Number of protein chains: 2
Amino acid sequence: MAKLIAERADVIPQLAEIFRTYGFEGASLARITEGTKLGKGSIYHFFPGGKEEMAAAVLSEIDGWFSVNAFLPLREEALAAQGISRMFDEVQRYFLSGRKVCLVGVFALGNERDRFGAAVKAYFKEWVEALTAALVRNGRDAASATDLAEEVVAGIQGGLVLARALNQPKVFVRMLDRLKLRCA
Amino acid sequence: MAKLIAERADVIPQLAEIFRTYGFEGASLARITEGTKLGKGSIYHFFPGGKEEMAAAVLSEIDGWFSVNAFLPLREEALAAQGISRMFDEVQRYFLSGRKVCLVGVFALGNERDRFGAAVKAYFKEWVEALTAALVRNGRDAASATDLAEEVVAGIQGGLVLARALNQPKVFVRMLDRLKLRCA
DNA sequence: GTCTATAAAGCGATAGAC
DNA sequence: GTCTATCGCTTTATAGAC
């Protein structure tokens, strides 16, 4: 019988899903081996540092995804307005229109912030700064751009919380629409 | 030596603090006995249902606090604008100006939502509805009131996430100020 | 790279003395 | 109402065969 050989990179999205669902402490190795269809041996082969290394790898991948798909357009799109619009589209797509939660937000609220505080902080800082810069390029003064960028990033996170609490993904979509409008 | 006798009601705020800090799965009995200065025997005497009953009691107490201090003013203050203002003040005070996190929000994001989904949903539903009613009493049409209420509650939660992620409580205070202004 | 077996520690919960 | 001792289970992590 043929045997599937996994690669480290293949496992990370599965780990992300598990951490998102159960949090860091709730993501037991039993759940991890079940979710990845890999034995403990394989998991520890890829991540000798255990759960801590797994979570760090996941955070790093998430940050990479946002850097490329959301922050880069904000910074480099020739027309700032188009970069902002692109960011909103990618965010809506990434969070499955409110059916998927933000792992970095989950870690920010929990005590995981102590272990991964630097990564969590960097992710949000980068987001706010890139959006601020785009808003400035779009004609706003620095003060109101900072203010609005903060409001948008917080609003996105809050939209995810409320959408999930009420079990109404559309709450998140409505939130995005309002914020989009305010950036115009 | 005199012995301190605890009451169930005294323990609940301490439990709230522990669940807020570590989440449901992270709140081990070791942390609970340490945080409450009570033995397992005493804890299980108060909460025979174990952690599940503890968390339910905490959620119930939080809901009670908000009902009295935030939702009631929204519904019953003679001047709607004053009820809204009062809600914002109480919220800022409750969350220690951004230094304290919302346990219901934490549970909403995590898989605790499965166990406590009803309580989580009821809390946010009540909040949005009470604020909507106050905004209508304050002269808004129903549609824009619903919209704004949703934005405010989500914004508050997002403000808490971002403030904690950046380790800047003032981010939360600024968020409240913006939302307050928008309700005026 | 994958698996099974296993170790050592921590977990939630219970029992029973005081 | 409080405490200590203990049960049975799950946890993370390691070892070693394949």
Side-chain angles (χ1 to χ4, degrees), chain A residues 1-59 61 103 106-107 110-116, chain B residues 1-59 61 103 106-107 110-116:
Chain A
M1 167 184 165
K3 196 176 230 172
L4 286 177
I5 302 293
E7 282 184 42
R8 195 184 127 116
D10 299 331
V11 187
I12 293 180
Q14 301 175 310
L15 290 174
E17 172 69 14
I18 296 165
F19 282 120
R20 230 190 314 275
T21 306
Y22 299 106
F24 184 77
E25 310 231 26
S28 67
L29 264 90
R31 281 166 174 161
I32 289 171
T33 53
E34 189 198 342
T36 59
K37 307 287 175 199
L38 251 49
K40 293 184 200 184
S42 302
I43 294 286
Y44 274 89
H45 175 73
F46 289 134
F47 307 94
K51 276 174 67 174
E52 187 131 358
E53 190 178 341
M54 299 179 214
V58 167
L59 283 177
E61 213 224 16
L103 180 63
V106 172
F107 277 19
N111 83 325
E112 294 91 348
R113 206 206 43 168
D114 298 338
R115 290 174 191 245
F116 306 107
Chain B
M1 164 184 166
K3 194 175 230 170
L4 284 177
I5 303 292
E7 283 185 43
R8 195 185 126 114
D10 298 331
V11 186
I12 293 180
Q14 300 176 310
L15 289 174
E17 172 69 14
I18 296 164
F19 282 120
R20 230 190 314 275
T21 306
Y22 299 106
F24 183 77
E25 310 230 25
S28 67
L29 264 90
R31 281 168 173 159
I32 289 171
T33 54
E34 189 198 343
T36 59
K37 308 288 175 198
L38 251 48
K40 293 185 199 184
S42 302
I43 294 285
Y44 274 88
H45 175 73
F46 290 133
F47 306 95
K51 277 175 67 175
E52 186 132 358
E53 189 178 343
M54 299 180 213
V58 166
L59 283 177
E61 213 222 19
L103 179 64
V106 172
F107 276 20
N111 83 325
E112 294 92 346
R113 207 207 41 167
D114 298 338
R115 287 174 192 247
F116 305 107

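Lettering follows sequence order; numbering is per chain, from 1. If you're wondering where the values come from, they're calculated on a predicted model, not measured in any experiment.
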Next item on the list: Would you verify whether the NZ or CZ of B:Arg115 falls within 45 degrees of the ring axis of B:Phe24 while also being under 6.0 Å from that six-membered ring's centre?
Entry: no
Between [N] atom [atom2] and [X] atom [atom1], what is the distance in whole Å?
X       : N      : atom1 : atom2 : result
B:Phe47 : D:dG1  : CZ    : P     : 12 Å
B:Tyr44 : C:dA13 : OH    : P     : 3 Å
A:Lys37 : C:dG1  : NZ    : C1'   : 19 Å
B:Leu15 : C:dG12 : CG    : P     : 13 Å
A:Ile43 : D:dT14 : CD1   : P     : 14 Å
B:Tyr22 : C:dC11 : OH    : C1'   : 16 Å
B:Glu34 : C:dC11 : CD    : P     : 11 Å
A:Ile18 : D:dT12 : CD1   : P     : 12 Å

Nearest to side-chain heavy atoms of [X], which nucleotide of [options]:
X       : options               : result
B:Lys51 : D:dT2, C:dG12, D:dT12 : C:dG12
A:Lys40 : C:dT2, D:dG1, D:dT12  : D:dT12
B:His45 : D:dA13, D:dT2, C:dG12 : D:dT2
A:Leu38 : C:dC11, D:dG1, C:dT2  : C:dT2
A:Phe46 : C:dT2, C:dG12, D:dT2  : C:dT2

Note to self: Classify the ring geometry of A:Phe107 against A:Phe116: parallel below 30°, tilted from 30° to 60°, perpendicular beyond 60°.
What the structure shows: parallel
Next item on the list: For B:Gly41, answer base if it contacts any base atom (sugar-phosphate contacts may also be present), sugar-phosphate if it contacts only those atoms, and nothing otherwise; contact means non-hydrogen atoms under 4.0 Å.
Entry: base
Looking at [atom1] of [X] and [atom2] of [Y], how far apart are the two atoms once the value is rounded to the nearest 0.5 Å?
X       : Y        : atom1 : atom2 : result
A:Ile43 : A:Arg8   : CD1   : CZ    : 11.0 Å
B:Phe19 : B:Ile12  : CZ    : CD1   : 11.0 Å
B:Thr21 : B:Leu103 : OG1   : CG    : 9.5 Å
B:Met54 : B:Leu29  : CE    : CG    : 5.0 Å

Note to self: Using C1' atoms of five pairs at each end, report the bend of the helix from C:dG1-D:dC18 to C:dC18-D:dG1 rounded to 10 degrees.
What the structure shows: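 The end-segment axes of the helix from C:dG1-D:dC18 to C:dC18-D:dG1 are tilted 0° relative to each other.
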Check: In terms of side-chain geometry, is the basic nitrogen of A:Glu112 or A:Lys51 positioned less than 4.0 Å from the acidic oxygen of its partner?
Finding: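 Answer for the salt bridge query: no.
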Item checked: Any B:Ser42 side-chain N or O less than 4.0 Å from OP1/OP2 of D:dG1 -> no
Checklist line | Residue mapping more 5' on DNA chain D - nearest nucleotide basis, A:Phe24 or B:Glu7 | finding: B:Glu7
